[in-house]
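Since the structure comes first, as structure tokens, the remarks are kept for the end.
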Amino acid sequence: MTQSDFNLPLLPCAAEAYLPHDAPMALVDQIVDVEPGRLMARVDIHPDCQFADADGVPVWVGIEYMAQTIAAYGGVLATTQGQPVKIGFLVSARRVQCAVDAFGFGDVLDVEAREINMPDDGLATFDCQVLRDGQSLMSARINVYQPADPLRYLQENA
């Protein structure tokens, strides 16, 4: 499978179409690269960003950038297979490493999610990183879960 097999518009493209939620909670801006097992998203940090404070965007939001990059990958896969985009759940973040305390205004971040394990049971593991100018600012191993019927899952586990 190649990038053209994903049937996306010319890259970069808006990430929101492949996410299971809308603004203001759609935090990644664009899909800039996709290939089997990997997606790269982009986030522009500006004062109007969700969760921005006087210092920029707190680094803990990077975990959500990673989770949404994984969600965009799932949305791309679903769309390619003629399926609707489904919600998923961030299960855990392990091996989190940060080189900064915040993402500064004016930063353009590339968020990479690389599939480690994605079995058919809906539980998946990705190695992720947030980069600025090719340098890693944050990395983590992210576990996510996408049940076959998310609404039923929520009702049964609320």
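Atoms considered below: every heavy atom in the structure, side chains included; atoms not considered: hydrogens, waters and symmetry mates. This is a predicted model, so every value here is computed, not measured. Residue indices begin at 1 and follow the sequence shown.
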Apply side-chain contact (heavy atoms from CB on, under 4.5 Å) to C128 and I70, showing your working. CA-CA 9 Å; C128 299; I70 294 167; 3.8 Å; yes
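- Across every non-hydrogen atom of I87 and P147, the tightest pair is O-CD, 4.5 Å.
- Residues meeting the side chain to side chain contact (heavy atoms under 4.5 Å, CB included) test with A52, sequence neighbours left out: C49, V57, F105.
- The neighbour count for D101 CG, taken as heavy atoms of other residues, nucleotides or ligands under 6.0 Å away, does not exceed 12.
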Assess whether side-chain contact (heavy atoms from CB on, under 4.5 Å) is satisfied between M66 and V130, documenting all intermediate values. CA-CA 8 Å; M66 293 174 186; V130 176; 3.9 Å; yes
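- No side-chain heavy atom of L109 sits less than 4.5 Å from a side-chain heavy atom of L131.
- Side chains of V34 and M40 form no contact here, defined as non-hydrogen atoms less than 4.5 Å apart.
- The CD atom of E64 sits 5.5 Å away from the CG atom of L27 when rounded to the nearest 0.5 Å.
- Both L77 and I142 belong to a single network of hydrophobic side chains, linked directly or stepwise wherever heavy atoms of I, L, V, M, F, W or Y lie under 4.5 Å apart.
- Linking ILVMFWY side-chain heavy atoms closer than 4.5 Å, directly or via other members, places L90 and W60 in a single hydrophobic cluster.
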With side-chain contact (heavy atoms from CB on, under 4.5 Å) as the test, would you mind laying out the steps for V100 and M138 before giving the verdict? CA-CA 8 Å; V100 295; M138 182 179 194; over 6 Å; no
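- L11 is not listed as a side-chain neighbour of V32, based on a closest heavy-atom distance of 4.5 Å or more.
- No more than 12 heavy atoms of other residues, nucleotides or ligands lie within 6.0 Å of CZ in R152, so this atom counts as exposed by the packing criterion.
- Between V28 and A41, the shortest heavy-atom distance links the atoms CB-CB, 4.2 Å.
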List the steps, then state whether side-chain contact (heavy atoms from CB on, under 4.5 Å) holds for E16 with D22. CA-CA 6 Å; E16 196 167 336; D22 299 320; 3.6 Å; yes
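- Of all heavy-atom pairs between F51 and M25, the closest is CZ-CE, 3.9 Å.
- Salt bridge R38/D33: present, at least one basic N to carboxylate O contact under 4.0 Å.
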Start with the C-alpha distance between D149 and K86, add both sets of side-chain angles, then the distance that settles salt bridge (Lys or Arg N to Asp or Glu O under 4.0 Å), and finish with yes or no. CA-CA 9 Å; D149 185 346; K86 292 186 202 172; over 6 Å; no
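- Counting heavy atoms from C-beta outward, F89 and N143 have side chains that stay 4.5 Å or more apart.
- A donor and an acceptor atom, one from each side chain of H21 and Q68, are located under 3.5 Å apart.
- Taking both residues in full, the closest heavy atoms of P58 and D53 are given as CG-OD2, 3.8 Å, listed atom of the first, atom of the second, then distance.
- With respect to R141 and D127, a salt bridge is recorded, a charged nitrogen being found less than 4.0 Å from a carboxylate O.
- Linking Ile, Leu, Val, Met, Phe, Trp and Tyr whenever their side-chain heavy atoms come within less than 4.5 Å puts L137 and V59 in one cluster.
- Under the 4.5 Å side-chain criterion, counting only non-hydrogen atoms from C-beta, V43 is not in contact with V108.
- Residues forming a side chain to side chain contact (heavy atoms under 4.5 Å, CB included) with N117 (at least two apart in sequence, or on another chain): P119, T125.
- Between D29 and R42, none of the side-chain N atoms (NZ, or NE/NH1/NH2) sits under 4.0 Å from a carboxylate O, so this pair counts as no salt bridge.
- Side-chain atoms of N157 come within 3.5 Å of backbone atoms of Y153 as a donor-acceptor pair (strictly under, hydrogens ignored).
- A 6.0 Å sphere centred on CD of E156 holds more than 12 heavy atoms belonging to other residues, nucleotides or ligands.
- The hydrophobic cluster containing L39 does not contain Y145, counting ILVMFWY residues as joined when their side-chain heavy atoms lie under 4.5 angstrom apart, directly or transitively.
- At a threshold of 4.5 Å between side-chain heavy atoms, the hydrophobic network of Ile, Leu, Val, Met, Phe, Trp and Tyr places L19 and I63 in one connected group.
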Going through the distances and angles, do Y18 and Y73 end up as a ring-ring contact (aromatic ring centres under 6.0 Å, His included)? CA-CA 8 Å; Y18 301 95; Y73 181 70; over 10 Å; no
